[in-house]
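Some notes on the structure that comes next.
Heavy-atom basis, side chains included; hydrogens, waters and symmetry copies ignored.
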Amino acid sequence: MASSFPSVAVTPSATLKLQPHFRKYPPTSYFPTDKSQSISLQKSHRLTHLDPSYLDYREALSSAKEEGLEDLELSFYVPLLQECLHKGSISDTKIVHGHVVKTGTHQDIFVMSFLVNVYAKCGNMENARKVFDKMPRRDDIAWSTLLVGYVQNSQPKHAIRGFQEMLYAGSYPSNFTLAIALNACTSLQSLKLGDQFHAYIIKYNIGYDASIGNALCSLYSKFRKLKLALNAFRRIKEKNVISWTSAISACGDNGEAAKGLRLFVEMLSEDIQPNEFTLTTVLSQCCEIQYLELGSQVHSLCAKFGYDSDIRFRNSMLYLYLKCGCIGEAQILFNGMDYHSLVTWNAMIAGHAQMMEHTKDNLSACQNGIEALNVFSKLNRSGMKPDLFTFSSVLSVCSRLVALEQGEQVHAQAIKTGFLSDVVVSSSLINMYNKCGSVERASKAFLEMSTRTLISWTSMIAGFAQHGRYQQALQLFEDMKLAGVRPNAVTFVCVLSAYSQAGMVSEALDYFEIMQKEYKIKPVMDHYTCLVDMFVWLGQLEEAFNFIKKMDFEPTESIWSNLIYGCQSQGNLEIGYHAAEQLLSLKPKDSETYMLLSNMYLSAGQYEYVSRVKKIMEEENIRKLNDWSWISIKDRVYSFKPNDKAQPQSSLLYKSLEDLVSKAKNLGYEMLESVEISEEEEDEKTTSPTIYHSEKLAITFGLEKLPYSSPIRVVKSTLMCRDCHNFIKYVSTLTGREIVVKDSRRLHKFVNGQCSCGDFGCFL
DNA sequence: CTAGGGTTAG
C-alpha cells in the first residue's frame with residue numbers, strides 16, 4: 001500500500017515562501033485622533049493579530065470605569081473588546097457593554113458587531129442577540145458575526161433562522177454568509193437543507209469562490225459523499241490552502257486516507273505551500289494507514305517551515321509514532337516537549353490503547369495497557385485535569401486489561417468531575433463493567449444514562465450476549481428499536497451471536513434475512529462467523545461446513561479454529577483435518593492449530609496421529625506461544641508464567657494451588673492431561689501436567705491477596721485449556737467467588753460451578 | 001470566518 005505513493009520531496013521548491021502569519025498593526029490605530037482613522041478601523045475588522053501585550057487592558061478597563069466614559073474615544077473599545085475576547089470573560093464584556101450604551105456608542109455598528117462577536121465567543125448567545133437587536137442597522141458583517149456565533153455555539157437552527165431573517169430584512173447574503181449557512185447545515189446534519197442552499201447559490205448566480213467551495217466540500221464530506229465533496233473542491237478556480245486542506249481531510253473523513261495523501265502530493269506539485277493545519281491533517285491520515293515514512297517526511301517539512309514546535313503538530317506526530325508501534329520514538333518526542341497539553345496526554349493514552357487493540361499478542365497488548373495506566377496516573381499527578389477523551393480512553397484500557405479496581409477508580413473520578421454525563425464516557429463505562437464481568441453494574445450504568453446512542457445500546461446488548469444472558473440481550477434489542485434507534489451491522493453481530501449461542505437457529509437465520517432486506521445491511525464476515533459457530537456448537541458440522549462454502553468471504557482463522565474444536569467434540573476427524581489444513585495455510589506454523597489438531601486426535605483415541613502431529617511440530621521447530629496470565633490488584637498488575645518458580649513467594653503459592661486442587665478433587669474434579677510442546681528439547685513426554693498453568697497460579701494469587709468475597713479477574717495471553725476451564729468451575733464453587741478469565745478468544749465468567757460460555761468455548 | 005491533534009460498541 002505504502003509503496004504506491006510518489007515520495008514527497010523533503011526540501012520544498014524555492015518558490016515557496018513563509019506566510020506572514022503574525023502581523024503587527026501600527027500602535028496609532030488604537031487611538032485614532034479623527035473620524036477617518038476610525039473608519040479605516042472598520043475596514044480592518046480582523047484585529048485578531050493585535051499584540052495583546054501592548055496595553056494593560058485591565059488597567060484601562062478600571063480607569064475607564066472610574067473616569068466615566070465621556071473622555072473615551074470611540075475606538076478605545078477595540079482593544080478593550082479584544083481583551084475580553086482573549087480572556088473569554090463575560091463579566092468584563094458586560095462592563096464594556098454598559099459603557100458602550102452609556103456613551104451612546106451603541107449607534108456605531110462596528111463596535112456593536114464586535115460586541116456581538118465577543119459575546120458569541122464567550123458562549124453567551126442571548127446577550128449577543130440582544131446587542132444585535134439594538135443595532136440601528138445591520139450590514140453583512142453584523143449578520144455574519146451573529147450567524148457564526150450560532151453555528152459555533154451549536155445552535156445551527158438559529159443560524160438558519162437568522163439567515164431567513166436577513167433575507168426578509170432585505171439584506172443580500174455575501175459568499176461568506178452563504179458559507180456560514182452551509183456550515184450550519186453541516187452541523188444540523190441536514191443534507192436536504194444544504195442542497196437547498198446549493199440551489200440558491202446556483203439560482204442567483206452567486207460567484208463560486210473559495211469560501212463557498214470550501215464550505216460545500218466539508219458539507220458533502222460530512223455526509224459521506226466524497227465524490228460530491230471533491231467535485232466542489234475541483235470547481236474552485238483559485239484554490240487556497242484551506243481548500244486543499246478541506247479536500248484532504250474530506251478524503252480522510254471518508255476512509256480514503258490514501259487518496260488524501262495523493263492530493264497532498266498534488267498540492268505540493270502545484271507549489272501551494274501547506275500550513276500547519278494541512279500538515280497535521282496529513283499526519284492524521286498517515287496515522288490511518290500507518291504510513292510512517294510519509295509521516296517522517298512531513299515531520300521534515302514541518303521543521304523546514306518552522307511548524308515543528310507547534311503543539312498540535314507534535315501531538316499528531318506522537319500519536320502517529322504510537323499507532324505505528326514506535327514506542328521509543330514516541331517516548332523521545334514526549335520527553336523532549338517543553339509543554340504537554342491535555343491532548344498530548346490523551347494522545348499518549350489513546351496511542352497505547354490503540355496499540356493494545358492492534359497487537360495480536362496478548363502479552364505485549366497488556367504491557368501497552370499497563371503503560372497507558374501509568375501515563376494516566378502521571379497525568380493526574382501533573383495537576384492537569386483529565387477530560388472526556390481521557391476518561392473514555394482510560395476506561396477502554398481498563399476493560400481490555402479486565403482491571404476492575406482501576407476502572408472503579410476512574411468511574412469515581414468521572415463522577416466527581418462531571419464527565420460521566422458525557423454519552424461517550426458512560427458508554428465506555430458500560431463496556432468496562434461488561435468486560436470486567438460485572439453485567440449488573442453495566443446495566444445499572446446503562447439505566448442511569450439520560451441519553452443513549454447506538455453505541456450505548458449496542459454495548460449493553462453485547463454485554464448481555466457475552467454473559468450468556470441471551471433473553472435480556474434480545475429484549476434490549478427490541479427496546480432499542482422501540483426507542484427509535486436504528487441498529488447497524490455491529491448491533492446485528494451481537495444479536496446474531498445471542499441467537500446462535502442460545503441455539504435458536506431459525507430465529508438467527510430470520511434475523512440474518514431481516515438485517516439484509518429490511519435494514520439494507522450487507523453481511524460481513526462477523527455475521528457469518530456467528531452463524532457458523534452456531535452450527536458448530538450444535539454439533540451440526542456438515543451444515544457449518546456447507547455454510548462456509550456458501551459464504552462470499554474467505555473464511556477467517558477463528559472460523560476454522562472453532563470448526564476444529566467442534567470436530568474434536570464430535571469426533572469428525574475428516575472435516576477437522578481439512579479445517580486444520582486451511583488454518584495452517586492462513587497461519588503457517590501456528591502452534592495453536594497443531595495443538596487443536598493434536599487434541600482432536602487425542603479425544604478420538606488416535607494416539608498414532610497425536611505423535612505424528614508432535615513429530616511435525618518438532619521437525620518444523622514450532623514453538624509454544626508465550627503463555628502468561630495477569631491479575632490486577634489495587635494499582636499493580638502481577639504476571640505469571642506456567643511453572644514459574646521465579647516468583648519470590650512461589651513455593652507458598654504452589655502449596656496453596658496444590659491444596660486447592662486436592663479440595664477440588666474431593667468435589668469430583670479430575671485433572672486432565674493436555675498435550676504440551678515442551679520448551680526443553682530433551683523432554684520426551686507427550687503429555688504433561690496442567691496443574692501449574694499460568695491462570696491457575698494467577699487465580700490462586702488473587703484468592704490470597706484480594707479481600708474475602710472479592711471477585712477474581714484474570715487476563716490470559718493464549719486460549720485457556722479445558723482442564724483449567726473445568727478446574728476454575730470447581731474453584732468458583734469451593735470459594736464462593738466470582739472468577740472472570742479473559743483468554744485470547746473470549747470472556748469466561750465462572751459463578752457457582754457454571755461458566756457464562758455454557759462450555760461452548762474453544763479450548764486448548 | 002471556512003481547516004487541524006485526542007474518545008465509545010463486534
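Looking at Asn315(A) and Asn346(A), their side chains never bring a donor and an acceptor atom within 3.5 Å of each other. Thr344(A) and Ser341(A) share a side-chain donor-acceptor pair at under 3.5 Å.
Note on Lys435(A): only backbone sugar-phosphate atoms sit closer than 4.0 angstrom, heavy atoms only; bases stay farther off. Here Thr458(A) lies in heavy-atom contact (under 4.0 Å) with a base. In this structure, Ala179(A) reaches neither bases nor backbone, as no heavy-atom distance under 4.0 Å exists between it and the strands shown.
Distances from the side chain of Ser393(A) to the nucleotides dA9(B), dG4(B), dT7(B) place dT7(B) closest. Listed nucleotides: dG10(B), dG6(B), dT8(B). Nearest to the side chain of Leu342(A): dG6(B). In the set dA9(B), dA3(B), dT7(B), dA3(B) carries the atom at the smallest distance from any side-chain atom of Ile242(A). Listed nucleotides dT2(B), dG5(B), dA9(B) differ in distance to Val490(A); the shortest reach to its side chain belongs to dA9(B). Nearest to the side-chain atoms of Asp526(A) among the listed nucleotides dG4(B), dA3(B), dG10(B) stands dG10(B).
Remark: P of dG6(B) and CD1 of Ile311(A) are 14 Å apart, rounded to the nearest angstrom. Arg314(A) has its CZ atom 18 Å from the P atom of dG5(B), to the nearest Å. Asn562(A) places its CG atom 15 Å from the C1' atom of dG10(B), with the value rounded to the nearest Å. Straight-line distance from the CZ atom of Phe264(A) to the C1' atom of dA3(B): 14 Å, rounded to whole Å. Atoms CZ (Phe277(A)) and C1' (dG5(B)) sit 11 Å apart, rounded to a whole Å. Atom C1' of nucleotide dA9(B) and atom CG of Leu476(A) are separated by 13 Å, given to the nearest angstrom. At whole-Å resolution of the value, CG in Asp209(A) and C1' in dT2(B) are 11 Å apart. Remark: P of dG4(B) and CZ of Phe305(A) are 20 Å apart, rounded to the nearest angstrom.
Contacts between residues 345-358 of chain A and DNA chain B, defined by a heavy-atom separation below 4.0 Å, involve Asn346(A), Ala350(A), listed by number.
To the nearest 0.5 angstrom, Leu429(A) atom CG is 8.0 Å from Ile415(A) atom CD1.
For the salt bridge (Lys or Arg N to Asp or Glu O under 4.0 Å) test, no residue two or more places apart in sequence or in another chain qualifies with Arg138(A).
You'll find the ring centres of His411(A) and Phe391(A) outside the 6.0 Å limit.
A donor and an acceptor atom sit less than 3.5 Å apart, one in the side chain of Asn488(A) and one in the base of dA9(B). Taking only distance into account, the side chain of Ser341(A) meets the base of dG5(B) through a donor-acceptor pair shorter than 3.5 Å.
Judged by the 6.0 Å distance and 45° axis criteria, Lys237(A) is not positioned over the aromatic ring of Tyr208(A).
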